[in-house]
Structure formats: structure tokens, C-alpha cells
2 protein chains.
Amino acid sequence: MTTSRPDPEDLTARARIRDAALRHFGEHGFEGATTRAIAETAGVSPGLLRHHFGTKQKLREACDAHLVKLISRINEQAGADTPASGMNYVAASMAALGPYQRYLARALTEGRAEPVFDAMAQMSEQWLAGLDERRSDPPFADRKARATVGTAMALAVGILHEHVSRGLGADVSSQEGAHLLALTLLDLYSHPWLSPEEAAAYRDALDKTRADTGATLRSAKEHPDE
Amino acid sequence: MTTSRPDPEDLTARARIRDAALRHFGEHGFEGATTRAIAETAGVSPGLLRHHFGTKQKLREACDAHLVKLISRINEQAGADTPASGMNYVAASMAALGPYQRYLARALTEGRAEPVFDAMAQMSEQWLAGLDERRSDPPFADRKARATVGTAMALAVGILHEHVSRGLGADVSSQEGAHLLALTLLDLYSHPWLSPEEAAAYRDALDKTRADTGATLRSAKEHPDE
DNA sequence: GAGGATACTATGCGCTTGCATAGGCGGGTG
DNA sequence: CACCCGCCTATGCAAGCGCATAGTATCCTC
């Protein structure tokens, strides 16, 4: 009934347990977290946790599902929003998923939470579609590939936020940290690290080393053209 | 099985244990891995593990230290190398750390392995220094900030390699996957997602929303704590 | 108001874990 | 030879884990 951010006190026990699990899994990892501690944080008995979720594994699946629901809700909202910014879409996602950032980071690095990643990649692809219309030269890779890698890169800041905060000199969740991060991102997204000529040269070199299988990779699958 | 390092048989028991730990910690996480299983993989008794490392925690610290040693060795090598590519430096690092990629990903997302990240960021900063000479307009953020975020983004592909592989349609550790990834990266690094005008506009908007504390950051900033 | 489903707690069991302790083995040194 | 000191194993234990089972309170329905 009340979908708008109720106090933890008002939530059902089931939701409280799930939120506590998100926190504990995020902080200590799945194996490191204990159902007893999760139950205690949620203010219930360990038995109730089992009653609602059955096993620890099922509890994690419920956490994953909750995250997916959150992200899909954000997507709807972003679709209805102005088509302007594909970039502060990611920022908005990170903000909304803020409390669960650590959990999300762990889930993603473990290869889980595929729908979350794919939904974000889908949004990036739309953003790229608009970009490609204004583009003259043919891309090096198809749109989905670029959207995928771009999404991974966009997620990096959230996943590695401790390191980013350390390098920036300000916590990215603080106000000045977020501001500095946004400025840095704007610069990075608008100023390429490689000129088109350099990129083309690298690509040609890449194609060449690919032909003779390279020195680092010693599998002889392709025929040398000598 | 075609690694460049010596056979596990030849390594000392201590090194075998450490390598086994790297694998187990990487696959199951620190808490999920057991000292017994690590010892079994290393082909020794659990007691010997304790003899050499004392506690499980000390074993992890030894793993971290080993990784740092590896990365610093790579850095020396990269420094002696051609100053050409700051980008395939990251690629080289990823290749060298390949067997420990999962461990590294976990360590980084947990905020550990600071020296690894900082060393990479340092390399990125050097790369940026050369770039800034050719640049006319003033950057939005200082060089270290851009190097930090750029490093995080470069690491993302390795950390999220399952998702990237899925999106690319080919495993990034396979030959065609790596090739496709390299092409995609070249395109991304040479074609900005934002025009300078757009970036400037966003920055101005950012400064404005900063004045009135921003509406989007409201929910993320403050969450009620008990 | 009886009856039954649902929400929740108390207690405990079997198992695995990290860690400790005691002892065996082998090669240098006097 | 005796000695000893690193390397290594076997065995065990206290603690904490996930999970099960039995029992109590609370609410909805007819």
C-alpha cells in the first residue's frame, strides 16, 4: 500500500529481514554473513527468517529479485523522463541503489544480478543509438558491444567507490565528492584518450598481431599467411 | 594449462599453499573458502598451512602482498617499455594477473588491494600527462581525479568479465572475445559519448543544482540510521 | 466464538570450521 | 654419533553455523 519509503519500523518483518540481509550480505559477503545476525538486525528470531525464506540461499535470491525490481522501476521512470541524459541515468541508478551498493557490487563481481546489468546496458544502447545517428565514421564494434563495455565502465565507479574516493580525496557519497566525480566524468566522457588516428593505428596493429597469433598467446589456431 | 610460470610441483609448499589460496579465495570468497580445502588443493596437510601462515587472515594478507609484488614488477617492465600505450598496459596487467583475476576483483570491490589500484592509477596519470600537453581547453577536474576514475573504468572490464562476455557474445578470455573487446575499447576511447558543448552544459547545470543541494541526491544522501 | 491458517519464538541437533597440540621425519652441525 | 631445528602430519576440540521441530500468539473467516 505504502510504496513511498516507509520507516523500517513500519515495514513487514519479511521486508525488514530482506533489507537486513542486503546489508549483511553486502558488508560481509554471502558466506560471511550469518542468518542469526541478519535476524537480530531485523529484530526477529532466526526461526522467522527460515519461515519466510526457507534457506539462506533462497534469502539471497529474494535479495537479488528485489534489486531487479528496483532497477526496473528506475528504468520505467527514466523512460518517461526526458531523453536527455543517459549518463545521469547511471547516476540516478546508483543513488537509488545507494543503500544496497555494496551488495550490488558483490553480486555483479560474482557474475550474478544479470538482469540489473542487462537493463542498464539496454539503456546505454538506447543512448548510443541517438549518438550513432550523428556519427560519420563506422564504429569499430556493434552497438551492443559498445553499450555493454560502456555500462561496465559506468558501474566501475560504484563498485570501486572506496578506491575512487581515495583517489579523489573526497568520499563519492559526500556532496563535494559527488560533485568532483561528476565533473571528472563529464570531462572523461567528452574528451577521448585516443585520437581517431591513434585508434585506427592500434586497430590495424591489432589485426596484424591477430594474424600471426601474437607472442603472448601461443595457440596456433589460424593459418599464418606467410 | 599453458601458463608461463613453473610447474606447481616445483614450487615450495608455501608458494603452493598461497597459490591455492588465491584460487579458493577468488572462487568462493574469503569466508566461503576453507583452510582444509586450500591445503588439499596445495597437496599438504591443514597443519602445514597453519605452520607457514599462522591464521587464515594472515594467509590472505600474504595473498594480497603477493599480488602487490606482481603488479609492481609489471610496472617496472612497463616503465622500461615503449611509452606508447597506456591502454594495453592495463591489458597486459590483466593478462599477467589473469589466473588471479577473480581474487583481484574481489579484493578491489571490498576496498582492499589499494597498492594495486594506486599503481595502475599512477600509470594512467602518466599517460594523461602526455595527453594534456596536446590539449587546449582546461580540464574539468585535475589530472589525478581523471586518472583515478579512468583506472576504475579500465578495471571494470576485468571485474565484470562475466557480464561483459555475455553482452559481447564471446568470452573475453577467448581469442575472438579479446579481439572484439579490444576493438570496442578502441572505439570507446576514441569516440566521446558527449560533445564538448553538451559537457559544458551539463557542468553548468551541475553547478546550479549544487547551489540548492540538488533534488536527485536527496534520497541517497541521508538514510535514517538507528 | 470455534477453527484454522499465519506469524513468530524457543530449543536443539548435526556438521563444519579455524585453530591448537603432540609427534614424526630428514638433513645439517658439533 | 647425538643433537637439534625447520618442515610436515595426525588428531582433536570448542565454537559457530544452517537448518529442523515443537510450541505459542495473533488474526481472519464463517
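Not measured: the values here are computed from a predicted model. In what follows, every chain begins at residue 1, and chains take the letters A, B, ... in the order their sequences are listed. The analysis underlying the following values was restricted to heavy atoms, covering all of them including side chains, and did not include hydrogens, waters or symmetry mates.
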* Is the B:Trp193 ring parallel, tilted or perpendicular to the A:Tyr189 ring (thresholds 30°, 60°)? -> tilted
* Asked: Heavy atoms under 4.0 Å, any strand shown: does B:Ala39 hit a base, just sugar-phosphate, or nothing?
  -> nothing
* Asked: Within the structure shown, what part of the strands sits under 4.0 Å from A:Ala33 by heavy-atom distance: base, sugar-phosphate, or nothing?
  -> sugar-phosphate
Kindly point out which of [options] is positioned nearest to the side chain of [X]?
X: B:His52; options: C:dC8, D:dC8, C:dC19; value: D:dC8
X: A:Thr34; options: D:dG18, D:dC8, C:dA7; value: D:dG18
X: B:Ser45; options: C:dA7, D:dC8, D:dT9; value: D:dT9
X: B:Arg36; options: C:dC19, D:dC8, C:dC8; value: C:dC19
X: B:Thr55; options: D:dT9, C:dC19, C:dC8; value: C:dC19

* Tell me, please, which residues at least two apart from B:Arg18 pass salt bridge (charged side-chain N to carboxylate O under 4.0 Å, His left out). => none
Measure [atom1]/[X] against [atom2]/[N] and give the value in whole Å, please.
X: B:His28; N: C:dT17; atom1: NE2; atom2: C1'; value: 15 Å
X: A:Gln57; N: D:dC17; atom1: CD; atom2: P; value: 18 Å
X: A:Arg60; N: D:dG18; atom1: CZ; atom2: P; value: 13 Å
X: A:Lys56; N: D:dA20; atom1: NZ; atom2: C1'; value: 17 Å
X: B:Phe53; N: C:dG18; atom1: CZ; atom2: C1'; value: 16 Å
X: A:Leu48; N: D:dT24; atom1: CG; atom2: P; value: 18 Å
X: B:Leu59; N: C:dT17; atom1: CG; atom2: C1'; value: 15 Å
X: B:Arg16; N: D:dC7; atom1: CZ; atom2: C1'; value: 12 Å

* To do: Using a cut-off of strictly less than 4.0 Å, decide whether B:His51 has a side-chain nitrogen or oxygen near OP1 or OP2 of D:dC8.
  => no
* Give a yes or no on whether the backbone of A:Pro46 and the side-chain of A:Arg36 come within a donor-acceptor separation of less than 3.5 Å. => no
* Using atom types as modelled and distance alone, determine if a side-chain donor or acceptor of A:Ser165 lies under 3.5 Å from a backbone N or O of A:Val172. => yes
* Is it the case that more than 12 heavy atoms not belonging to A:Glu40 sit under 6.0 Å from its CD atom? -> no
* Structure fact -> Per nearest nucleotide of DNA chain D, the residue lying toward the 5' end, A:Gly32 or A:Arg50, is A:Gly32
